[in-house]
Amino acid sequence: MDSNTHSTRGSSGGSDGLAGLAAVADELAAQDLDGLSDGVRAERVLALRRLVDRLEGQWLKELAGVDARGAAGAEQDQQLGSTAAWLRTRLRLGAGAAASCVRTARALFRGPLAATADALTGGDISVAHARVLAHGTRDLPDQVVTETEPVLVEAAGRLDPPRLRRVLGHLQLVADPDSADARAERRHQRRGVWLAPTWDGMVAVDGLLEPEAGQSLLAALEPLARPADATDTRSGSQRTADALAELARHALEAGHLPQVGGVRPQLTVIVDLDSLLGRHDAVGGEVGGPGPLDPQACQRLACDSAVTRVLVTHHPNPPPDHQPSGMAGLEERLRAAMALLPPTLGGAPTQPLEVGRTSRVVQPAQRSALAVRDGGCVFPDCDRPLAWCEAHHLRHWLHGGPTDLANLALLCRAHHRAVHEGAWRLQRHPDGRLTATPPHRRHPAARRHPSAA
C-alpha cells in the first residue's frame, strides 16, 4: 500500500470503535437505496450530514491531541515538526486546508472555544460554523472569547456560515472595541488588486477589497451581471466578468477620469490595414497588453471609435544566413507576419511618413440622432439601454459602407460582438425593420440569440 495513504480497512487503528465505524461505513455503502421512499432518502441525507459533522468534530479533537503531544508522524516512528505538514503528506491535503484544520482544532480543543467544541461534537452546529468562530475570534483576548462564546454558539445554531461571519464582525466591535482600529488597519494594509497577463492572452484578476470598497463594486456590478433573459447561458462568473468590462468601458467613455499626459484614458489599438480589412494571414491588433485582438474585434472597435491614419514604411529585417532552398508555406507566411508586428514585438523597424488627423467615425450629432431613433440596442429581443450601446455599421465603412443613419444601428457590446466575432448578420429592411440572421442556419444551436453582456 502507498506509504502516504492511511486506511482503516482491515485495521482497528488501535481502537475497536474505529473498526466498528469502518464496518458501518461498509454496510452503508452496500445498502440498496432504490427501494427507499423519497422521504426516507431525504431524511437519510440530513442525518448523514449531521453525523459527518459530529465525526469531523471528533477528528478535530483527536487532531488537537496529536498536535499537543507532538505526535505527528508517530504512526511511522517519525517525529515531524509541523502537524500541518504531516496532514499534507499523509492525507494529501492542500497547504491552506491543512493549516485551517490545525488552527480550528487548537481553538476548539486547546483554546477558549470549549462550548463550540461541545456543540460540534454534539451535532448542534456544523464544522463550517465552528471554523467561522475559530477564525473570527483568533485575534480576540481569551477572556473576551469566553464571555462572548455563548452568544456566538447560539447564533451559529440559527444562521448559515456566511451570515454568522457577518454577525461575528459586528459583535467584535462591541466585545473588543479597543482592538477594532487595529483590525481595520490590518484589513486596510491587506487590500490590493493584482492583474497579470496569462499565457493564452487573457488577464488574470485577483485581489482583496475593504468592506466599503468591495460592496461599492458589488453594487455597481449587480445590475450589469444579471442574466439577460431565460436563454442566457453564461455562468455567474462569466456574467460578472462581462459586467466588469462593461463598467470599465462606460467609465472610459464618460470622460470623467483624470487625464494622463493631457489625454483622457482610452483603449488604444494599433492595427494594420490588412487586419482591419480581414484579409488572409492578418496578424490582428496590438493593445500593448496581454495578447492580440483578432481582426474581427478590430473591425468591431473601428465601427464606433476615433481613428488616426498613420502611413509608415517598413525596413525589413535581414533574412537568415542559411535560408533553406525552396522555403515556402507556413514558415514563409509566419516570417511575413512577424515583419508586420510592432517593432517592440520583433517586427520590422518602421518609419512614419504621414500622420493624419484623428477623427470620430460616428459624429456626436449622428449619435444623438441614433439615440432618438433607436433608443437602445436594436438587436431583436434585447432591451439594453442607450448608455451601454455602440454604433454599428450594417455595411462596414472599411468595405465602402457610408457612415449615415441608414447604415448605422445601436447595438449593446454583446450583440455587437455577436455580429462581428460571431458572424451574425443584421439587416435593415425597406420598412426600417431589423432582422438578425444567425451563422450556419443548418445548425439548430446557432439559432439561439447570443447572451447579452
Side-chain angles (χ1 to χ4, degrees), residues 200-202 224-246 249 269 271 274-282 284-285 291-305 361-362 370-371 373-453:
D200 57 351
M202 301 185 76
L224 301 174
R226 296 171 185 163
D229 51 41
T231 65
D232 193 338
T233 59
R234 295 173 299 163
S235 66
S237 59
Q238 289 174 331
R239 295 199 308 271
T240 301
D242 291 343
L244 185 60
E246 195 81 3
R249 186 180 68 85
V269 181
V271 57
D274 286 340
S275 293
L276 271 182
L277 294 175
R279 291 172 178 165
H280 188 59
D281 287 344
L293 290 182
D294 58 76
Q296 291 76 20
C298 295
Q299 291 178 4
R300 169 172 51 81
L301 293 173
C303 260
D304 188 7
S305 63
V361 173
V362 178
L370 287 171
R373 187 192 69 188
D374 295 344
C377 181
V378 300
F379 202 92
D381 300 326
C382 182
D383 59 358
R384 278 293 183 183
L386 174 67
W388 305 104
C389 291
E390 305 165 339
H392 167 68
H393 287 71
L394 299 177
R395 185 186 179 200
H396 208 293
W397 60 266
L398 290 163
H399 304 301
T403 302
D404 57 27
L405 292 180
N407 191 46
L408 292 173
L410 289 180
L411 291 177
C412 68
R413 186 177 184 275
H415 288 126
H416 203 184
R417 186 179 186 278
V419 171
H420 283 279
E421 285 96 323
W424 280 67
R425 183 166 176 262
L426 198 63
Q427 183 178 10
R428 175 173 282 123
H429 297 276
D431 60 358
R433 181 173 52 92
L434 285 166
T435 57
T437 305
H440 315 306
R441 270 193 178 275
R442 61 183 179 275
H443 299 306
R447 293 192 178 97
R448 293 179 301 180
H449 282 184
S451 301

Grab the two heavy atoms, one from [X] and one from [Y], that are nearest each other, plus how far apart they are.
X    : Y    : answer
P439 : A423 : CB-O, 3.6 Å
D242 : R234 : OD2-NH1, 2.8 Å
R428 : L405 : NH1-O, 3.8 Å
D232 : R226 : OD2-O, 4.4 Å
Q238 : T233 : OE1-O, 4.5 Å
A409 : D374 : CA-OD2, 3.6 Å

**Message:** Does R373 have more than 12 heavy atoms from other residues, nucleotides or ligands lying within 6.0 Å of its CZ?
**Reply:** yes
**Message:** Please check: side-chain N/O of R413 versus main-chain N/O of A245, any donor-acceptor pairing under 3.5 Å?
**Reply:** no
**Message:** Tell me if a side-chain donor or acceptor on R300 pairs with a main-chain N or O of E421 at a distance below 3.5 Å.
**Reply:**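 It does not hold such a pair.
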Spacing of [atom1] belonging to [X] relative to [atom2] belonging to [Y], to within rounding of 0.5 Å:
X    : Y    : atom1 : atom2 : answer
L434 : H429 : CG    : NE2   : 7.5 Å
F379 : L410 : CZ    : CG    : 14.5 Å
C389 : L411 : SG    : CG    : 7.5 Å

Got [X] and [Y] here, is their nearest side-chain heavy-atom distance under 4.5 Å?
X    : Y    : answer
L394 : L408 : no
H393 : V362 : yes
H415 : L426 : no
P402 : W397 : no
H396 : H420 : yes

**Prompt:** What residues form a side chain to side chain donor-acceptor pair (under 3.5 Å) with R249, not counting sequence neighbours?
**Reply:** E246, E253, E390
**Item:** salt bridge (Lys or Arg N to Asp or Glu O under 4.0 Å) involving R395 - partner list, sequence neighbours excluded
**Value:**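 Once residues adjacent in sequence are excluded, R395 has no partner under the salt bridge (Lys or Arg N to Asp or Glu O under 4.0 Å) criterion.
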